[in-house]
Amino acid sequence: MLLLQLLVNGLQLGAIYALTAVGFSLIFGATKIFHVAHGAAFTIAGYLFWWGVATVHLPWPVAALLATVAAVVFGLMMERVVYRPIQRHEASFFTVFIAAFGVQIIVQNLIGMIFGRSFVSVTTSLSRSVEVLPGLFIAPVAVISILVALAFFTVLTLYLARTHMGMAMRALSENPDLVRVFGLDPARVSQYAFAIGSAIVVPGAILTSMTAGLNPAIGAHVMLISLAATIVGGIGSLRGAAYGGMLLGLAENLALWILDPQWSEAVTFVVLFLFIIFKPSGFLGRPLGAK
Amino acid sequence: MRLPRLLAAAAVSMIFAASASAQDTIKIGANLPMSGPNAEYGELFGSAANLAVEHANADKMLSKKLVIQFEDSQALPQHGVVAMNKLVNVEKVPFVLSAFTGVSKAIAPVGDKAKVVSVNGGGIGPDLAELGDYFWNVIPLVNLEIRVLAPYVVKERGFKRVSIVYVDDPAGEAVCKELAENVPRAGGELVAELQIPRNAQQFTSIAAKVREAKPDLVVIASFGAQQAQIIKQLRDNGVSQQLASYSAFSSPSLTQLPEAMGAIFPTQSVDWSAPGLSQRVAKDWKAKTGKEPNAYVANYYNAVMVFVTLAQALEKSGQPITGENLLKQRKANGTFDLVGGKMEFLPNGSVSMPIQINEIDGGVGKLVKAGVMAN
């Protein structure tokens, strides 16, 4: 029964990891910007949802909307105020990385100053497990996480495949000049990628506020997982990032079946290293050098 | 040409002003976590130290104004060493407040070499009593806490099967080691030892492992945001057994956590209603923060007051306030009048105090067993 329990826990965690990784992967895939501050969007969304629900007692949908608006505005501001000016001048990878990293730290400190530096969580019966079989505990939030992840991926996949803007986003990563030829503005397409990529962290942030809880420094962990899932899944592939997130969540939990708990986090990086060594293009990424 | 000259003049005057102000103050250092997942502790410890500074300055206990130079350790040893080097070599402070077992063990050699006193009021690893002459503790270490907690939970509460979830850090390992010695001694059994990484945030599967061990009591040995995450996730995932920990459970966010209600933890005994200093600190702390003070407030207030008492004696005898002189004066001083009563250092620079058992009740904790000295 322990194995089944670990599997359920892995699916729940994997769904949350996948939701956060897909946002990062979408932004990176479309714009080639290494958006390290993606974790900050997660932190902002999580804290605003918590503040809305636990402090000012807003209805959940209103708090979720507030979190979404804040995450999208943050993503758009990053694109407009930080990345675009840097790219206009030199577009060095390290300059972008350091700028985004700096913003992540500023957000961490601002959140600490505004909401306090301690652990916060949304208390809800949805995170309370019930024993469905002897020794198998499942919380409603586990089922919700998996369904929400599936719903978001379906909608996002349809959006990217069927809409002009979705196709433009995919095209932007291949050839920005071609996007211009078709009468679209690459800067505008890039803003859409940031808006959607930032919005898609919101469900993960909300679910985390109910399950593991939040602290101002949580963004760094989120970023680490998003990056690992993107590499494991294949850079530029949304489906790959989703599979990567799910694989990492499952590996982290199933490792407890045979290993001591202190190895659970190391397993994530073992998976990452194995992919880097044996399949650097990830699950669904293109082989290096392919055009 | 005018603007550069003006700027140069302003810069020179600022340097002179800073140097004049440095001569008018006595500076001590604080190497505390001000950012990261343990920043809550830094805020608490720093506020308590600042209250002591306010009192010392208001009462004109020293010839010059006392100030604290804060540096951020992030509760990480490598950051702690960088901060300690700055305090020792740049700020030239004779006395540094420290916290966290890992950080304290890392900075002790730096202080020892430079003959700068470090005083810990938050770390609990028993090794902290053996870090040399220049490392002092104003908090009873965890071996003393567990020697009181283990017989209480096993003999008085009847929790025979004990499991522990502990962080892979010197503090977590120290609690586990003490529990492994003291639970069997009290007649109980340690049925599961689950070590977790320091950065781990997901504990649903740890809950499954705890349930599998079927303990009567689950001891959590972590700190900061992580210990709150462990409690919430254990409670959410079917672990309904009694929870316990060491003094780290007295952090304000944890005592307010609904899932932590009823958890038990030991701390040193502090009688805040004792007339004089204890009452004054309790009153001023409540006025400043709106909260009741806890043992950490006493520790960091006391740490600063130990410095003030020693510096006062050195000034009276016309000796400079250096780490070396502070150490000599501590050995000569005997006892100190501090929050909670009289305190005396053991020869190894640590303290022995009565330990009480508390229960989380949404406030600062309900006393469930009055203070006793550890065997």
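Letters go in sequence order (proteins before strands), and every chain restarts at 1.
Using a 4.5 Å cut-off between heavy atoms, A/T211 contacts chain B through its backbone alone, with no side-chain atom that close. With a 4.5 Å cut-off on non-hydrogen atoms, B/R198 does not touch chain A at all. Using a 4.5 Å cut-off between heavy atoms, B/Q229 contacts chain A through both its backbone and its side chain. Residue B/P37 touches chain A through both its backbone and its side chain, counting heavy-atom pairs closer than 4.5 Å. Contacts of B/I230 with chain A are absent, with no heavy-atom separation under 4.5 Å from either backbone or side chain. The contact between B/Q201 and chain A is made by backbone and side chain atoms together, counting heavy-atom distances below 4.5 Å.
Interface remark: of the candidates B/A208, B/P258, B/A228, B/A228 forms the most heavy-atom pairs closer than 4.5 Å to chain A. For the options A/S121, A/A212, A/S125, heavy-atom pairs under 4.5 Å to chain B are most numerous at A/A212. If you tally non-hydrogen atom pairs under 4.5 Å between each of B/S205, B/G224, B/S251 and chain A, the highest count goes to B/S205. Ranked by heavy-atom pairs under 4.5 Å with chain A, the first of B/L257, B/I196, B/V167, B/N199 is B/N199. Put simply, of A/E131, A/Q262, A/M1, the one with the most heavy-atom pairs under 4.5 Å next to chain B is A/Q262.
Expressed to the nearest 0.5 Å, how far CG of A/L2 lies from NZ of B/K209 amounts to 5.5 Å. A distance of 9.0 Å separates CZ in A/F119 from CG in B/L254, rounded to the nearest 0.5 Å. Rounded to the nearest 0.5 Å, atoms CZ (B/R211) and OG (A/S129) are 7.0 Å apart. The line from CG of B/N38 to OG of A/S118 is 11.5 Å long, rounded to the nearest 0.5 Å. B/D168 contributes atom CG, which lies 10.0 Å from atom CH2 of A/W263 (distance to the nearest 0.5 angstrom).
Annotation: residues 6-19 of chain A contacts chain B through A/L6, A/N9, A/L13, A/Y17 [non-hydrogen atoms, separation under 4.5 Å]. Heavy-atom neighbours of chain B within the stretch residues 247-260 of chain A, taken at a separation under 4.5 angstrom, comprise A/E252, A/N253, A/L256. Contacts between residues 97-115 of chain A and chain B, defined by a heavy-atom separation under 4.5 Å, are made by A/Q108, A/N109. Residues of residues 236-246 of chain B that come within less than 4.5 angstrom of chain A, heavy atom to heavy atom, are B/D236, B/N237, B/G238 in numerical order.
Heavy-atom contacts from other residues, nucleotides or ligands closer than 6.0 Å to CE of B/M261 number more than 12.
The nearest pair of heavy atoms linking A/P261 to B/P197 is O-CD, 3.7 Å. Between B/E259 and A/R128, the shortest heavy-atom contact is CG-NH2, 3.9 Å.
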